[in-house]
Amino acid sequence: ATSKSKQKFDAVIVGAGFAGLYQLYCFRKIGLTACVLEAGDGVGGTWFWNRYPGARCDVESFDYSYSFSKELEQEWEWSERYAPQEEILRYINHVADRFDLRRDVQLNTRVQQAIFNESGNCWTVTTANGEAFEAKFCIMATGCLSIPQKPSIKGLDRFKGELYYSSSWPKHTVQFAGKKVGLIGTGSSGVQMAPIIAEQAAHLTVFQRTANFSVPAQNEPVSRELSREVKAHYAERRARGREAITGQYLSANDVSALEVSSEERQAEFEFRWRGAGGGFRMLRAFSDLLRDKKANKYASEFIASKIKNIVQDPAVAELLTPKPDLPFGTKRLCVDTNYYETFNRPNVELVDVKASPIEEITAHGLRTQNREFELDMVVLATGFDAMTGALLQIDIRGIGDQPLKDKWAHGPRTYLGLAISGFPNLFIITGPGSPSVLSNMVHSIETHANWITDCISRIRERGCARVEANGSAEDKWVDHVNEVANRTLYPIGNSWYVGANIPGKPRIFMPYVAGVPAYRKIIEEVAQKDYDGFVFS
Ligand code: NA7
């Protein structure tokens, strides 16, 4: 509550990353007044915060970019197959300027609360600075990986050296030269950072709790010819992406790994490791890698053989090899440049903190159960409270003053990953229950923002004040999302996809795995059937 007068808009959008900025663009097109509230002091969301060395996208830049403007597509030049963080951030800033979006973005504004006013059919959104906004619609563009997980390691505040989180890396250049650095966490962020730190630091100790699979990005500069070629056929590339399971074309193989000879299997894996451009193509090497345990094991064995070949010390190679309880790809696959190679350097050590857990951070280093490490710098790449974290950090209250926290006490429940029953006029971009983090995020963001914009246009045409997902449609959707996930191996892995990285978080497989095309068909049909499953009033 605040005594200041409320600023009124048709819509409030929370977050100025890829999602929030595009939603603003869409709303302007239909004549809605909107305001984007952003916690950071710049736009860019994920790409604003995660500026750690080596940060880059693991979806190719030509796909991980907006498709809504043909001019933008043609004029922007990507320098690398997988763009580094600073380039993506520059791109987002360019988009903000080019489409004059900044005038409706308020920076340094953290949203704390969003309350639905039942008689007025509008949301009151309040911020940490005590401002209040009132809007008929509230759009959560808060991101899937935006609330860092601060591990409960004793003594974090006692450390006298430098301490950094990958997820809130400082803007200034961090100097590693001559320093003994400890890196905690070996997910995508740790895997991207380790090779860069190792090149600069006097010594790097990587504290690994769980070995994950990583595949080489085969990153390379984008040549003039390639850029020209892609731009000449951009529409076709986007169209192929739309029909691909993850929203970017990765030449998915529709053959089962069980149907081919071992030579053919090996050749296909090898092709994807090297020739086919690396990265996530490995997940699509065979049709059943994520459905069949035996097929999956072939992929695991292939990666294990690669680790063994690359890493000179057999004990280190063994430690880097994922254990059988983690099927390939069920924890998000890491995409690296020289990760495994890094462990051949004389100044790099891998420490198993599963066998001997970290007990505490000391003033001058770190102590595990059986050893003490002296460190000048500790780098935490310990992950995020994924998918639900950012939503639950805001005190969101719907009908009957029901907190979203209560509604989601046993896990997230949404209709289509877009709306929540009991929370009218509120939409989530790439929410739990949509393909979201299993897809090319920019593609999914555009799909969602377009859908939300059409839905709101419809509400206005009909002269309605309220739209709400109906409870039984939501129940059915949640069941369907679980059922589809349970036909795959995904729920087995202890990953952030199931919330396993956050103590006490309900174990639910959050994204919708049926793929981008199947999902889009469903939400398009819902719209065509006059928003089936939604109640307009
Ligand atoms: P991830 O993938 O969640 O990785 C976090 C890592 O940190 C992972 O290896 C964790 O080990 C480790 N971790 C977390 N807490 C601890 C403690 N207390 N001690 C030791 N190790 C710990 O986060 P990222 O930032 O790398 O990647 C997130 C996503 O961003 C990524 O998937 C892409 O989508 C982009 P664990 O596996 O839990 O044993």
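The model shown is predicted, which means the values in this text are computed figures rather than measured ones. Order of listing sets the numbers, starting from 1, for every ligand and every atom in it.
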| Nearest non-hydrogen atom to atom 6 (C) of ligand 1 belongs to which of A381, S152, A55? |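 Minimum heavy-atom distance to atom 6 (C) of ligand 1 goes to A381.
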
| said: I'd like the name of whichever of K150, K331, R332 reaches closest to atom 37 (O) of ligand 1 through any heavy atom. | reply: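 When every heavy atom of K150, K331, R332 is considered, K331 comes closest to atom 37 (O) of ligand 1.
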
I'd like to check whether [X] has a polar contact with ligand 1, where a contact means an N/O of the residue lying under 3.5 Å from an N/O of the ligand.
| X | value |
| --- | --- |
| N501 | no |
| R209 | yes |
| S166 | no |

Please confirm whether the ring centroid of [X] lies under 6.0 Å from the ring centroid of [Y].
| X | Y | value |
| --- | --- | --- |
| Y91 | W76 | yes |
| W477 | H480 | yes |
| F207 | F373 | yes |
| Y66 | F18 | yes |
| Y22 | F68 | yes |
| F286 | F269 | yes |

One residue to check: [X]. Relative to ligand 1, which of side chain, backbone, both or neither has a non-hydrogen atom less than 4.0 Å away?
| X | value |
| --- | --- |
| I184 | side chain |
| A386 | neither |
| Q149 | neither |
| T210 | both |
| P151 | side chain |

Could you check [atom] against the protein and tell me its nearest heavy-atom contact, residue, atom and distance included?
| atom | answer |
| --- | --- |
| atom 23 (O) of ligand 1 | G383 CA, 3.2 Å |
| atom 2 (O) of ligand 1 | G187 CA, 3.6 Å |
| atom 31 (C) of ligand 1 | S188 OG, 3.3 Å |
| atom 35 (C) of ligand 1 | L145 CD1, 4.0 Å |
| atom 3 (O) of ligand 1 | W496 CD1, 3.4 Å |
| atom 12 (C) of ligand 1 | G185 CA, 3.6 Å |

| Would you say the side chain of I420 lies within less than 4.5 Å of the side chain of F427, judging by non-hydrogen atoms? |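 They are not in side-chain contact.
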
| said: Quick check on contacts: which atoms of ligand 1 are under 4.0 angstrom from a heavy atom of S189? | reply: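 Contacts of ligand 1 toward S189, numbered from 1: 24 (P), 25 (O), 26 (O), 27 (O).
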
| task | Give the numbers and elements of all ligand 1 atoms closer than 4.0 Å to a heavy atom of T186. | result |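 Matching atoms, with element in brackets: 6 (C), 8 (C), 9 (O).
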
| query | Are Q149 and D385 linked by a side-chain donor-acceptor pair shorter than 3.5 Å? | reply |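 No donor-acceptor contact under 3.5 Å links the two side chains.
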
| task | Decide whether E73 and S67 meet the rule of one side-chain donor and one side-chain acceptor closer than 3.5 Å. | result |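 Side chains of E73 and S67: no pair found under 3.5 Å.
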
| message | One thing to verify: whether R238 and E243 come together as a salt bridge, which I'm taking to mean a side-chain N less than 4.0 angstrom from a carboxylate O. | response | no

| request: Consider ligand 1: state whether an atom of it lies below 4.0 angstrom from any non-hydrogen atom of F207. | output: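 In this structure, F207 fails to qualify as a contact of ligand 1 - no heavy atom is under 4.0 Å.
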
| field | Parallel, tilted or perpendicular: ring planes of W47 versus Y64, cut at 30 and 60 degrees | value | perpendicular

| said: Whether K150 engages the ring of Y165 as a cation-pi pair (distance to the six-membered ring centre under 6.0 angstrom, angle to the ring normal within 45°) should be assessed. | reply: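 Judged by the rule, K150 and Y165 form a cation-pi pair.
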
